[in-house]
Amino acid sequence: MSRLWLCRKATKLAIGDAMLDLTYETPKPKVIAGAKHDWELVIGMEVHAQISSKAKLFSGASTKFGAEPNANVAFVDAAMPGMLPVINDFCIEQAVRTGLGLKAQINLTSAFDRKNYFYPDLPQGYQISQLYHPIVGEGEVLVDMEPGVARLVRVERIHIEQDAGKSIHDMDPNMSFVDLNRTGVALMEIVSRPDIRGPEEAAAYVIKLRQILRYLGTCDGNMQNGNLRADVNVSVCLPGQYEKYYETQDFSHLGTRCEIKNMNSMRFIQQAIDVEAKRQISILESGGKVVQETRLYDPDKGETRSMRSKEEAHDYRYFPDPDLLPLVIEQGWVDDIAASLPELPDAKRARFISNFGLSEYDASVLTAETASADFFEQVAAEHDGKIAANWVINELFGRLKKDDLEITSSPVSPAQLAGVIGLIISGDISGKIAKDLFEIVYTEGGDPAQIVEDRGMKQVTDTGAIEAAVDQVIADNPAQVEKAKANPKLAGWFVGQVMKATGGKANPKAVNQLVAAKLGL
Amino acid sequence: MSDLNALTLAGARDKLVAKEITSVELTEACLAAIEGSDSLNAFVHKTPEIALDQARAADQRLAKGSQQDPAPALCGLPLGIKDLFCTKGVPSQAASAILKGFKPEYESTVSQNLLDAGAVMLGKLNMDEFAMGSSNETSVYGDTVNPWKVDDRRLTPGGSSGGSAGAVAADLCLAATGTDTGGSIRQPAAFTGTVGIKPTYGRCSRWGIVAFASSLDQAGPITKSVRDAAIMLEAMCGHDPKDSTSSELPVPNFEALLTGDIRGQKIGIPKEYRMDGMPDEIEALWRDGAAKLADAGAEMVDISLPHTKYALPAYYVIAPAEASSNLARYDGVRYGHRATLDAGDGITEMYEKTRAEGFGAEVQRRVMVGTYVLSAGFYDAYYNRARKVRALIKQDFDTVFAAGVDAILAPTTPSAAFGLGEMQNADPLQMYLNDVFTVTVNLAGLPGVSVPAGLDAQGLPLGLQLIGRPWEEGDLLNCALALERAVGFSQKPNKWW
């Protein structure tokens with residue numbers, strides 16, 4: 001099974017009616033050199049993605065972020081006596097959509113179970129989840145590492161569950177406070193197989209998953225607000241062991257794993273994995289045993305810590321929630337959702353490469369978000385794709401980044417940018433003037449052609465005027481003329497001088513030709 | 001007119017519509033009876049002002065009533081509500097210390113349905129704590145005393161709907177709501193000479209009823225007659241989008257289906273219900289009831305429900321398991337009782353002290369049993385096995401009904417009412433045996449009705465239970481009416497309170 005990495009893999013993608021072969025190499029696993037020998041990392045992830053829904057999973061309460069504490073709480077969220085959960089169908093649809101987006105099996109019958117434990121921010125004393133019969137089965141995520149290199153991470157399952165509330169311990173020295181706004185908000189728990197082989201892959205997996213969720217519209221992926229969080233399962237093994245596991249699906253070939261809870265930053269995910277792997281290696285190399293447990297990452301100290309001791313180990317006493325009937329959905333409904341899926345990142349990127357002749361890198365950048373891909377496509381509809389990509393990525397994205405703006409709030413519309421590019425192609429302005437024009441459009445707005453007209457930015461193509469300027473520069477600099485005749489590379493200096501004299505509006509091509517001719521080069 | 005409180009729902013309704021009496025008069029008669037009934041301890045929270053307001057509104061509605069625009073079914077009829085139902089702005093404690101002072105901001109669907117049908121609420125009725133008990137002795141309010149009495153022996157009205165059954169038997173109200181998880185409507189009805197029906201699981205919304213065991217709990221009425229049960233059940237049930245387990249099936253007009261004609265009906269006598277050590281008079285009552293149904297034209301057939309003996313153990317795994325989870329919310333964090341804490345106590349101490357103080361012994365026992373049977377390593381041996389047994393029990397009934405049986409006749413209880421305190425030191429399992437004839441019906445989700453069928457040698461009422469096909473409460477009540485007519489039970493307890 002050493003074919004597993006550095007082997008050529010292929011997958012087929014539908015581009016319109018055509019099928020496109022997408023080939024990639026799998027990356028090498030991260031190897032950490034221990035004192036005695038090398039170790040490899042094995043990582044599985046449980047990503048909790050908040051379902052984009054205005055109402056909670058089992059109540060009509062709002063999910064709006066940033067409300068006053070306990071403002072978004074229905075009776076059932078507060079677990080008042082006799083209150084019952086009622087499934088929000090929209091959340092189910094979002095989970096199915098997500099499953100379809102990850103090419104996963106959709107289970108037409110699933111069921112909700114209660115996970116019992118006591119905590120003040122869990123009013124019912126149990127979380128409603130799906131242990132035994134999740135709504136989504138096996139799927140996959142193709143994780144891009146670099147052009148031509150990707151890891152196919154298998155998704156084991158996706159289940160739907162309730163989020164808990166928030167306990168606040170630092171408002172008062174003697175009391176704790178509880179905010180139930182988040183209680184009962186719908187989450188999807190996306191569980192991967194342990195197919196991730198390094199910290200960078202782990203971050204890339206979350207990035208790719210987040211991208212797909214955002215394309216699907218099923219989760220906004222806002223990690224700062226906690227709408228996307230990951231539990232990371234880390235273990236280490238000797239080289240060769242993972243392949244044995246992969247072949248047999250027998251976990252005994254792998255090391256004991258620890259789960260690092262509740263990570264909500266790509267940077268911390270990578271740091272935590274690295275730190276945890278090294279901790280495990282040092283335990284193993286000194287003859288100890290890794291204890292399977294839940295740990296927390298402390299970014300200040302750069303260490304992971306055990307969350308609870310053994311005697312407090314939870315027995316969640318899962319059992320089917322008797323308040324909810326099994327969730328039965330129809331294949332027709334699933335088919336309708338499948339038919340309404342948008343073009344997803346892999347397909348879109350492949351299409352950009354094949355239809356617009358973009359590099360894989362440019363295609364990846366443009367398809368990172370649907371909004372930027374849509375923007376690009378509108379610009380590219382009118383002009384050459386490569387030029388459009390160049391302008392969108394280098395000029396527009398660069399300018400937006402300077403102002404910390406999203407593509408969705410770009411001051412320049414696709415039509416305006418297409419207008420700027422159109423003026424270059426028609427030869428009305430030079431590339432250099434175009435950058436000035438872009439800045440004017442960006443800061444002041446307006447129709448690019450009109451601006452060029454009004455401000456006299458049109459390129460001078462009148463050879464007579466250019467010729468006069470060339471003659472003038474040659475006449476003023478006899479010494480330079482002599483040097484240039486000896487060394488033709490110096491012709492560029494004359495071109496620069498002419499451009500300066502014409503305020504940058506002279507057609508550079510014409511200037512080049514005239515300078516060469518006049519200098520007799 | 002005196003003794004208006006002794007009227008049935010049907011009788012009072014007819015007099016109200018005929019304008020012979022007013023709802024205020026009727027309600028005042030009940031309130032007076034309640035005032036004089038403290039020694040029964042059935043009403044634990046009285047709402048006379050609410051009742052009279054509702055009665056006055058009902059009288060106005062009745063005054064406007066006409067053939068084209070009749071007043072709703074229960075207009076002006078005073079009822080008692082079991083404390084397990086959340087009633088808006090009125091204490092709703094499930095007879096537990098842990099819900100001390102709890103006044104819901106919402107009205108349970110069933111009690112709202114009754115109010116929408118014009119009913120008058122007299123107050124809240126005593127019960128076993130969280131509906132866990134068969135004798136009304138686990139209530140934080142103290143025992144309800146059965147209005148039926150032998151000499152000076154104070155008897156249990158049964159449980160958990162003991163307050164409801166006692167109040168109806170003592171004519172404190174015309175009828176009352178109950179809930180039945182393992183027999184909690186039918187057993188007290190049998191002990192008090194009243195009629196109690198547990199409808200098919202899903203007929204009544206559970207929304208707003210304090211949950212005991214969600215897959216078994218059902219609300220139903222306790223009334224003075226089968227006709228009243230039909231009238232009140234129809235008003236209580238119906239689809240509720242707030243309860244995912246509530247049925248969307250239409251609710252028939254149960255009263256209109258009451259003909260008392262059961263000719264040609266096939267009624268099964270399950271041999272497994274004839275248990276060792278069953279008192280002769282229970283056996284005789286059962287035989288007599290069967291004979292009377294046969295006289296009324298029914299065909300009596302012997303049937304077998306082979307998994308019956310496993311029902312009680314399965315029930316006492318499933319019900320506590322669900323209860324242990326359902327009662328986790330009573331943690332002192334948001335409402336109800338919270339223990340006073342010592343310096344240095346943390347959240348764990350708060351949970352432990354609050355729940356130790358707030359829950360009575362029987363509730364604690366069931367929470368612990370439920371926690372145990374769901375715990376890792378025991379789940380399959382107990383909970384999963386109990387679920388399988390449950391499926392087999394349901395299958396037993398399905399098979400019998402598929403063979404053409406229309407209803408099943410069995411005793412409701414293995415004995416008449418026993419003395420309060422008499423079981424105090426007994427093994428808790430002895431108390432659980434009270435449910436032996438009733439739990440199968442809950443496990444299978446079927447409708448079951450208890451009809452008073454006679455008196456035992458001491459002069460205490462005994463009940464017979466009819467079990468029906470799912471969703472066929474109409475047929476079941478019709479069969480119950482035939483039984484009621486055939487046995488002609490009309491005795492009332494002598495007023496001693």
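In the text below, chain A, chain B and the rest are named by the order of the sequence lines, each starting its count at 1.
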Output the option from [options] having the highest count of non-hydrogen pairs under 4.5 Å with chain A.
options	result
B:Trp207, B:Tyr106, B:Tyr383, B:Tyr379	B:Tyr106
B:Ala376, B:Gly336, B:Ser215	B:Ala376
B:Ser244, B:Ser214, B:Ser325	B:Ser325
B:Val210, B:Asn384, B:Asn326, B:Asp217	B:Asn326

Q.
Let's test your reading of the structure: which of A:Pro320, A:Ala78, A:Gly82, A:Gly125 forms the most heavy-atom pairs below 4.5 Å with chain B?
A. A:Gly82

Measure [X] against the heavy atoms of chain A and call it side chain, backbone, both or neither at under 4.5 Å.
X	answer
B:Tyr372	neither
B:Tyr330	side chain
B:Ser205	neither
B:Leu216	neither
B:Ile209	backbone
B:Phe85	neither
B:Ala321	backbone

Mind checking the [atom1]-[atom2] spacing from [X] to [Y]? Nearest 0.5 Å is all I need.
X	Y	atom1	atom2	answer
B:Asp331	A:Leu122	CG	CG	9.0 Å
B:Thr348	A:Phe118	OG1	CZ	10.5 Å
A:Leu84	B:Thr245	CG	OG1	7.0 Å
B:Arg329	A:Met80	CZ	CE	10.0 Å

Q: Taking all non-hydrogen atoms of both residues into account, name the closest pair between B:Glu322 and A:Arg114 and its distance.
A: O-NH1, 4.2 Å

Q: Work out which heavy atom in B:Ala328 is nearest to a heavy atom in A:Gln124; give both atom names and the distance.
A: CB-O, 3.7 Å

Q | Side chain to side chain, B:Arg206 and A:Asp323, heavy atoms closer than 4.5 Å | A | yes

Q) Can you find a pair of side-chain heavy atoms, one from B:Tyr335 and one from A:Pro81, that are under 4.5 Å apart? A) yes

Just wondering, are more than 12 heavy atoms of other shown residues or ligands nearer than 6.0 Å to [atom1] in [X]?
X	atom1	result
B:Arg385	CZ	no
A:Gln249	CD	yes
B:Lys242	NZ	yes
B:Lys353	NZ	yes
A:Arg257	CZ	no
A:Gln331	CD	yes

With a 4.5 angstrom heavy-atom cut-off, which part of [X] approaches chain B: side chain, backbone, both or neither?
X	answer
A:Phe75	side chain
A:Phe319	both
A:Tyr318	backbone

